[in-house]
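In what follows, a structure is listed as structure tokens, so that the remarks can point back to it.
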Amino acid sequence: MEGIILSSKCGYYEVLANKKVYTCKPRGIFRHKKIKPAVGDFVTIDEKENVISDIKERKNYLIRPSIANVNELAIVMSVVEPEFSSLLIDKFIAYARYFDIKANVIITKSDKKYDEASLKEKVNALEKVGVRVITYSKKTLNGLEKIKTLFNNKTIALMGQTGVGKSSLLNVLVPESKREIGEYSEFLGRGKHKTKEVVLIPYQNGFIADTPGFSSLELPFFKEDLAKCFVGFENLYKECKFANCLHINERDCAVKEEVAKGNISKELYDNYLKISNELIFRKDRY
């Protein structure tokens with residue numbers, strides 16, 4: 001019987017197959033082959049023995065959050081509590097695009113008091129480079145219908161800091177999921193962790209993945225990779241004079257030319273420089 005892994009805990013996996021959920025353990029051969037099943041894996045199970053007997057080839061696999069076969073990411077960021085961070089958004093988008101996964105942005109708590117002009121500028125910068133942005137309020141439900149349309153008929157993973165409203169949004173979309181909600185701590189300046197694991201929730205012919213929140217992300221690639229997968233740079237880097245252009249000090253750089261023309265925002269480019277500075281060159285790996 002074929003199914004999909006919805007969640008995992010203590011070596012056991014909840015597998016949805018034929019509209020029924022089975023609690024299974026993987027066969028020992030996976031451990032010997034150093035293969036670990038992941039949430040989102042399509043698997044074959046033996047329902048009589050309650051074991052996973054085969055894992056289908058993955059379309060993709062994200063290390064953090066640990067999930068396989070994602071169609072798109074929904075990066076959730078609040079306007080306040082925790083504070084909006086364009087740097088973190090750009091980092092998350094680069095992470096998604098490195099794995100060839102489309103990234104969308106959902107901005108929550110739009111009913112709170114915030115600098116509207118500043119946020120509009122940041123949203124315009126993202127939309128200019130092809131990122132879909134939806135503003136949402138749990139209080140007024142503004143933006144909810146757009147989110148429902150976005151989530152329809154696909155496996156989409158929520159990604160973002162603790163306290164931005166990922167689980168709250170999921171509870172509005174799927175009330176029966178009853179996800180625990182993380183609170184924002186003013187003293188700590190960040191959210192209080194609630195979601196402990198990745199969980200797939202069935203929704204409109206697809207799935208929504210609720211994931212643990214985190215405020216930092218170590219990108220699993222190099223400066224050279226970032227230069228090609230950073231949002232807005234995907235096609236421009238091919239027009240640079242040098243094939244290995246990092247868009248920093250090189251001559252005849254198509255990316256820097258677009259920044260000078262105002263087609264790529266200065267803040268977006270500055271975020272690229274900050275993220276690039278965190279990474280090493282591929283040659284320095286050895």
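Atom set for the values below is all heavy atoms of this structure, side chains included, hydrogens, waters and symmetry mates excluded. Throughout, residue positions are numbered sequentially from 1 according to the sequence presented.
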Q. Are Y203 and L141 grouped together when hydrophobic residues (ILVMFWY) are joined by side-chain heavy atoms under 4.5 angstrom apart?
A. yes

Q. Got a second to check how far S167's OG is from I201's CD1, nearest 0.5 Å?
A. 9.5 Å

Q | K223 to F281, cation-pi by 6.0 Å centre distance and 45° axis angle | A | yes

Q.
Looking at G206, is its backbone amide N or carbonyl O close enough to the side chain of N153 to form a donor-acceptor pair, meaning the two atoms are under 3.5 Å apart?
A. no

Q.
Classify the ring geometry of H247 against F233: parallel below 30°, tilted from 30° to 60°, perpendicular beyond 60°.
A. perpendicular

**Q.** Passing option when V231 is tested against I264, N271, V129 for side-chain contact (heavy atoms from CB on, under 4.5 Å)
**A.** V129

Q: Measure from the side-chain N and O atoms of D41 to the backbone N and O of I5, and report whether any donor-acceptor pair falls under 3.5 Å.
A: no

Q: Determine, using the 4.5 Å side-chain heavy-atom cutoff (strictly less than), whether V255 and F242 are members of one ILVMFWY cluster.
A: no

(Q) Heavy-atom count check: over 12 atoms from other residues, nucleotides or ligands less than 6.0 Å from K228 NZ? (A) no

Q.
Quick check with a 6.0 Å cut-off and a 45 degree axis cone: is R27 positioned over the face of F30's six-membered ring?
A. no

(Q) Can you tell me if K146 has over 12 outside heavy atoms packed within less than 6.0 Å of its NZ? (A) no

**Q.** Full working for salt bridge (Lys or Arg N to Asp or Glu O under 4.0 Å) between R282 and D225
**A.** CA-CA 9 Å; R282 187 179 299 274; D225 301 310; 2.6 Å; yes

Q: Kindly state whether the ring of F99 and the ring of Y95 have centres lying under 6.0 angstrom apart.
A: yes

Q. Just by modelled atom types, is the G160 backbone N or O under 3.5 Å from a matching donor or acceptor in the K166 side chain?
A. yes

Q | Closest non-hydrogen atom pair, I45 against A17 | A | CD1-CB, 4.2 Å

Q. Picking from V123, T135, I89, what satisfies side-chain contact (heavy atoms from CB on, under 4.5 Å) with V105?
A. I89

Q) Is it true that a side-chain atom of E83 and a backbone atom of E81 form a donor plus acceptor pair closer than 3.5 Å? A) no

Q. Rounded to the nearest 0.5 Å, how far apart are CD1 of I55 and OG1 of T44?
A. 10.0 Å

Q) Does atom CD of E121 have more than 12 heavy-atom neighbours from other groups under 6.0 Å away? A) no

Q: Begin with the C-alpha distance, continue with both residues' side-chain angles, and end with the deciding distance and a verdict on salt bridge (Lys or Arg N to Asp or Glu O under 4.0 Å) for E2 and K56.
A: CA-CA 10 Å; E2 294 187 355; K56 306 300 180 183; 3.5 Å; yes

